[in-house]
Trainee: 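Dropping the structure in here first, questions after.
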Number of protein chains: 2
Amino acid sequence: MFLTSHRRDHHLANAILFDTPETLSDVFLRQPSEHLAGGQSLFFEGDEARHVFEVTEGSLRVFRIIADGRRVITGFAHEGDVVGVSLRSAYPYSAEAICETRVRRLSRRSFDAATQENELLRNQVFARLCDEMAAAQDQMVLLSSKTAEERLCTFLLKHMKRTLSKQALQPVLDIPMTRLDMGDYLGLTIETVSRMISKLIARGVISPVGRHAIRVNNPSLLAQMAGDGDECEDQRRLVAGGRRH
Amino acid sequence: MFLTSHRRDHHLANAILFDTPETLSDVFLRQPSEHLAGGQSLFFEGDEARHVFEVTEGSLRVFRIIADGRRVITGFAHEGDVVGVSLRSAYPYSAEAICETRVRRLSRRSFDAATQENELLRNQVFARLCDEMAAAQDQMVLLSSKTAEERLCTFLLKHMKRTLSKQALQPVLDIPMTRLDMGDYLGLTIETVSRMISKLIARGVISPVGRHAIRVNNPSLLAQMAGDGDECEDQRRLVAGGRRH
DNA sequence: CGGTCTCTTGAGTTAAATCAAAGGCGGTGG
DNA sequence: CCACCGCCTTTGATTTAACTCAAGAGACCG
């Protein structure tokens with residue numbers, strides 16, 4: 001389980017918060033931040049789940065290796081996200097730094113204690129779990145019924161929304177992960193990912209800015225191509241007979 | 001969000017539990033059970049999330065209708081499962097009875113109150129959320145990297161495990177859902193689902209028992225065909241270079 | 001500046017989707 | 001009780017989107 005922070009507003013001086021944490025991040029504030037080089041593992045699937053981590057800088061990929069050796073990335077954790085939350089004794093997935101990354105570590109005991117006693121924190125954990133669940137369902141929709149093009153556009157759009165909130169209206173989007181990461185996340189091969197990126201570039205929707213960044217020229221077209229429709233509420237009640245499985 | 005019960009042991013007389021619920025089911029015990037005919041909707045995606053439901057009999061499909069009218073089933077809820085748990089004001093999915101089904105309804109206020117004040121219940125909700133999250137990740141693995149055959153076998157196996165626990169060693173497995181339901185859950189068309197079922201029958205792995213039940217002749221072969229390997233721990237640490245996206 | 005790794009592009013293959021049609025089961029009414 | 005109708009399911013033929021295989025291009029590093 002990894003928990004995505006939607007907003008992290010530090011209203012109050014951190015010093016005050018050490019003893020009465022108001023946000024999940026506050027709980028981690030006392031911990032020293034640890035550095036991970038790109039590609040370095042934080043923990044492996046099956047390891048005893050002794051710690052919970054907050055990402056303070058950089059990004060992690062969260063994945064499983066399946067029977068035949070293939071990798072399935074179930075999500076990415078970015079600044080402010082918490083990874084390793086679970087009730088099981090072992091981590092159900094591995095986590096690895098995509099790029100230079102910093103995390104704060106907290107023992108599960110401490111984390112559990114903090115969230116058990118503090119209703120505010122508890123609700124935040126619950127809220128994040130719910131959001132993560134919703135994200136997982138979105139991903140299921142993507143994997144079970146979107147085309148390669150729609151998957152890529154959805155991915156870019158999601159990362160745009162995440163970055164946009166902090167980087168104002170800057171249209172240059174950092175993509176720290178490799179094509180392989182994207183492929184393993186989107187259920188596609190690197191070749192298909194590459195082809196779809198080329199297609200978007202050819203159509204002028206995006207422009208390449210080195211290998212790990214793009215400029216989004218036409219966000220609304222990108223959104224349209226992501227195939228989420230307008231989430232048109234009315235249509236939901238009709239049991240529309242659209243085909244394609 | 002819907003929560004799966006792993007075990008529902010009523011150690012104590014229910015009467016005693018009314019005031020001090022020990023399990024999530026106990027919270028629903030006072031509520032009258034409502035009947036749903038097959039195909040009947042419990043709630044729609046986007047509806048205001050006023051209630052939480054416990055399935056006491058039968059099964060529900062939990063799904064979303066996407067932009068082009070297609071349906072994606074994100075899960076099924078069976079006896080003992082709780083559906084509708086979320087923090088959002090609106091349900092993020094629809095829920096519909098697959099067959100004759102009974103549910104107990106609880107207002108979100110009551111449910112939240114009960115779980116806020118009772119640590120035991122709260123932990124159960126948390127545990128179920130974690131399990132559901134793990135199931136969602138399994139489903140992502142299935143959708144992003146399993147073949148049609150593996151998907152079907154995984155599906156049958158999962159339902160076998162669920163049913164087995166209560167119906168002893170009886171190898172006849174009820175499949176209340178239609179081929180369309182299976183397809184929308186597994187990311188396949190009804191034709192492909194049907195073909196894969198025929199293939200399993202031809203190979204003698206299963207035998208048809210009417211339309212909505214099968215006999216599993218060779219559970220271990222079925223497990224092998226599900227493609228989950230032996231979850232061999234050692235292989236996990238090797239960054240094996242298996243192909244297929 | 002050579003080596004390695006990542007990415008791109010092209011050509012051919014394939015698993016599953018689509019299109020099409022027939023078969024079986026269940027319900028309804030004569 | 002049987003005939004008919006509608007729905008779900010099965011099976012077959014064809015198409016297609018994405019995968020696989022292959023080779024070349026660009027980036028990064030010692």
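The chains referred to below are lettered A, B, ... by the order of the sequence lines, with proteins before strands, and numbering in each begins at 1. Quick caveat, the model's predicted, so the values are computed rather than measured.
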Trainee: Taking DNA chain D as the partner, which of residues 152-159 of chain B come within under 4.0 angstrom of it by heavy atom?
Mentor: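 Heavy-atom contacts with DNA chain D come from no residue of residues 152-159 of chain B; none.
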Trainee: Checking B:E48 now: which residues fulfil salt bridge (charged side-chain N to carboxylate O under 4.0 Å, His left out) with it, not counting sequence neighbours?
Mentor: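 Partners of B:E48 by the salt bridge (charged side-chain N to carboxylate O under 4.0 Å, His left out) criterion, ordered by chain and then number, come out as B:R50.
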Trainee: Would you mind reading off the bend of the helix from C:dC1-D:dG30 to C:dG30-D:dC1 from its two end axes, five pairs each, to 10 degrees?
Mentor: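 The angle, to the nearest 10 degrees, is 40°.
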Trainee: Going 5' to 3' along nucleotides 7-13 of chain D, which nucleotides have protein heavy atoms under 4.0 Å from the base (write B), which only from the sugar-phosphate (write S), and which from neither (write -)?
Mentor: -BSBBBB
Trainee: Report the residues that fulfil salt bridge (charged side-chain N to carboxylate O under 4.0 Å, His left out) with A:R102, sequence neighbours left out, ordered by chain and then residue number.
Mentor: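 Applying salt bridge (charged side-chain N to carboxylate O under 4.0 Å, His left out) to A:R102 gives none.
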Trainee: Give the table of side-chain donor-acceptor pairs shorter than 3.5 Å for residues 37-44 of chain B, with sequence neighbours excluded, one pair per line with atom names and distance.
Mentor:
residue: B:Q40; atom: OE1; partner: B:A37; partner atom: N; Å: 2.8

Trainee: I'd like to check the side-chain hydrogen bond (donor to acceptor under 3.5 Å, both in side chains) partners of A:R151; sequence neighbours left out, ordered by chain and number.
Mentor: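 With neighbours one apart ignored, the set is empty.
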Trainee: Tell me every residue that passes side-chain hydrogen bond (donor to acceptor under 3.5 Å, both in side chains) with B:S194, counting only those two or more places apart in sequence or in another chain.
Mentor: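 In terms of side-chain hydrogen bond (donor to acceptor under 3.5 Å, both in side chains), with neighbours along the sequence ignored, B:S194 is linked to no residue.
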Trainee: Listed by chain and number, what are the side-chain hydrogen bond (donor to acceptor under 3.5 Å, both in side chains) partners of A:R211, not counting sequence neighbours?
Mentor: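 Applying side-chain hydrogen bond (donor to acceptor under 3.5 Å, both in side chains) to A:R211 gives none.
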Trainee: Please confirm whether the shortest side-chain N or O distance from B:T189 to OP1 or OP2 of C:dA16 is below 4.0 Å.
Mentor: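 Checking B:T189 against C:dA16: no side-chain N or O falls below 4.0 Å of OP1 or OP2.
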Trainee: Tell me the ring pair (Phe, Tyr, Trp, His ring centres under 6.0 Å) pairs involving residues 128-163 of chain A, sequence neighbours left out?
Mentor: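 Listed by first then second residue: A:H78-A:H159, A:F155-A:H159, A:F155-A:Y185.
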Trainee: Do B:R71's NZ or CZ and the ring of B:F63 fall within the cation-pi criteria of under 6.0 Å and 45°?
Mentor: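 Ring-cation test returns yes.
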Trainee: Excluding sequence neighbours, so at least two apart, what forms side-chain hydrogen bond (donor to acceptor under 3.5 Å, both in side chains) with B:S198?
Mentor: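 B:S198: no side-chain hydrogen bond (donor to acceptor under 3.5 Å, both in side chains) contacts found.
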Trainee: Checking A:E149 now: which residues fulfil salt bridge (charged side-chain N to carboxylate O under 4.0 Å, His left out) with it, not counting sequence neighbours?
Mentor: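 Salt bridge (charged side-chain N to carboxylate O under 4.0 Å, His left out) check on A:E149 returns A:K199, A:R203.
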